[in-house]
Number of protein chains: 2
Amino acid sequence: MSDRANSLTIGGLAKAAKVHIETIRYYQRRGLLQEPQRPPGGVRRYGDTDVRRLAFVKRAQQLGFSLDEVGDLLRLEDGASCQEARILAEHKLQDVREKIDGLVKIEMALGEMIDRCQEYQGRITCPLIVSLHEGFN
Amino acid sequence: MSDRANSLTIGGLAKAAKVHIETIRYYQRRGLLQEPQRPPGGVRRYGDTDVRRLAFVKRAQQLGFSLDEVGDLLRLEDGASCQEARILAEHKLQDVREKIDGLVKIEMALGEMIDRCQEYQGRITCPLIVSLHEGFN
DNA sequence: GTTACTTCCGTAGTGAGCTACGGAGTCAAG
DNA sequence: CTTGACTCCGTAGCTCACTACGGAAGTAAC
């Protein structure tokens, strides 16, 4: 709606999208966000499409896509290549699952170490340190 | 055992500990690994204690400790301060749990997106891209 | 119309954890 | 004793995603 107005300066866009100005400029340089025409002797204006695009980038990032991959996604958007987007997402899903598995192992190891530390409190050798020496799995 | 021999050159240590030579030198610069005396006109030699220390560092890293934190841990080791080590580990455990929670959310979101992509295959608008625009939670 | 904030733009710096480079010195095999 | 691999050392570069800086031009409020 207010998109046609394109009323935001870069600072307003930054606030609306909750990112730093420099991040916007950085995304423009990386080609993730287009730079609006600058009126001669004026200042660039942004609108809702830009706010939405920033939200898209941030959301994809949260989902574990790197900025390069976000770029791919944005290019797919125009091409409507659902197939390719799905393959990208499937790879990401696998990554995410592997990360979770690793972290769960770490969680268990840390938990055990802390428990043992609790039990043996006051002894000369800290079981946590010993565990670190021994390795896990 | 072969520790007293201290027979390894830096290359041998790197192989034994499965890290790059440059990583060893980097850890020495960071104070995580001590540099053995260099015999005049000779080459430094390393032993099992060094292999074990590298294993310690790598393991702590796997557990999500930064190299600075590993440094703390190594200092605690000598001081036998179990209490402090436990506090460090408890903080790390919390971090790890938060990371897991975030990733599980992402996992679900990605899974759903892929499912929808499957269903709607062939349509003009890719549901995966649409999801990315909508946000999750 | 003056003051004070923004924008613009390019370039440089940050942090974490390495990785590479280059030239001199050292060691081990044959 | 030569050849070729390895070590030493300092410094520079890398990746990722920003973040900061500085000076000129534009804009908004009073």
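Chain identifiers are assigned alphabetically (A, B, ...) following the order of the sequence lines, protein sequences preceding nucleic acid strands; residue numbering begins at 1 within each chain.
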Provide, to the nearest angstrom, the distance between the [atom1] atom belonging to [X] and the [atom2] atom belonging to [N].
| X | N | atom1 | atom2 | result |
| --- | --- | --- | --- | --- |
| A/I21 | C/dC8 | CD1 | P | 9 Å |
| A/Q28 | C/dG10 | CD | C1' | 14 Å |
| A/Q37 | C/dC8 | CD | C1' | 15 Å |
| A/I24 | C/dC8 | CD1 | C1' | 13 Å |
| A/Y46 | C/dT6 | OH | C1' | 13 Å |

query: What's the shortest heavy-atom distance between A/A60 and A/V70, and which atoms?
result: CB-CG2, 3.7 Å

query: Can a side chain N or O of A/T9 be found less than 4.0 Å away from OP1 or OP2 on C/dT7?
result: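 So the side chain of A/T9 is within the cut-off, an N or O lying under 4.0 Å from OP1 or OP2 of C/dT7.
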
field: Pair A/D50 + A/R53, salt bridge at N-O below 4.0 Å
entry: no

task: Using a strict 4.0 Å threshold on nitrogen-to-oxygen distance, state whether B/E69 and B/K92 make a salt bridge.
output: yes

Nucleotide-resolved protein contact map, nucleotides 17-30 of chain D, B/S/- at heavy-atom distance under 4.0 Å: BBBBB----SS---

- request: Look only at the side chain of B/R45 and the backbone of B/S7, and say whether a donor-acceptor pair between them is shorter than 3.5 Å.
  value: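 Here the side-chain-to-backbone pair exists.
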
- prompt: Would you say A/R38's side chain and A/G42's backbone share a donor-acceptor pair under 3.5 angstrom?
  reply: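 Such a contact is found between A/R38 side chain and A/G42 backbone.
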
message: With heavy-atom distances below 4.5 Å as the criterion, would you say the side chains of B/L73 and B/F56 are in contact?
response: yes

task: Would you indicate whether the side-chain heavy atoms of B/D68 and B/D72 approach each other to under 4.5 Å?
output: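 Result no, sub-4.5 Å side-chain heavy-atom pair not found.
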
task: Could you check which residues of residues 10-19 of chain A get a heavy atom under 4.0 Å from DNA chain C? Sort them by number, please.
output: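 Result for residues 10-19 of chain A: A/I10, A/G11, sorted by number.
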
- line: Those residues at least two apart in sequence (or on a different chain) that pass side chain to side chain contact (heavy atoms under 4.5 Å, CB included) with B/Y27 are B/T23, B/L32, B/L33, B/L54, B/V57, B/K58, B/Q61, B/L67

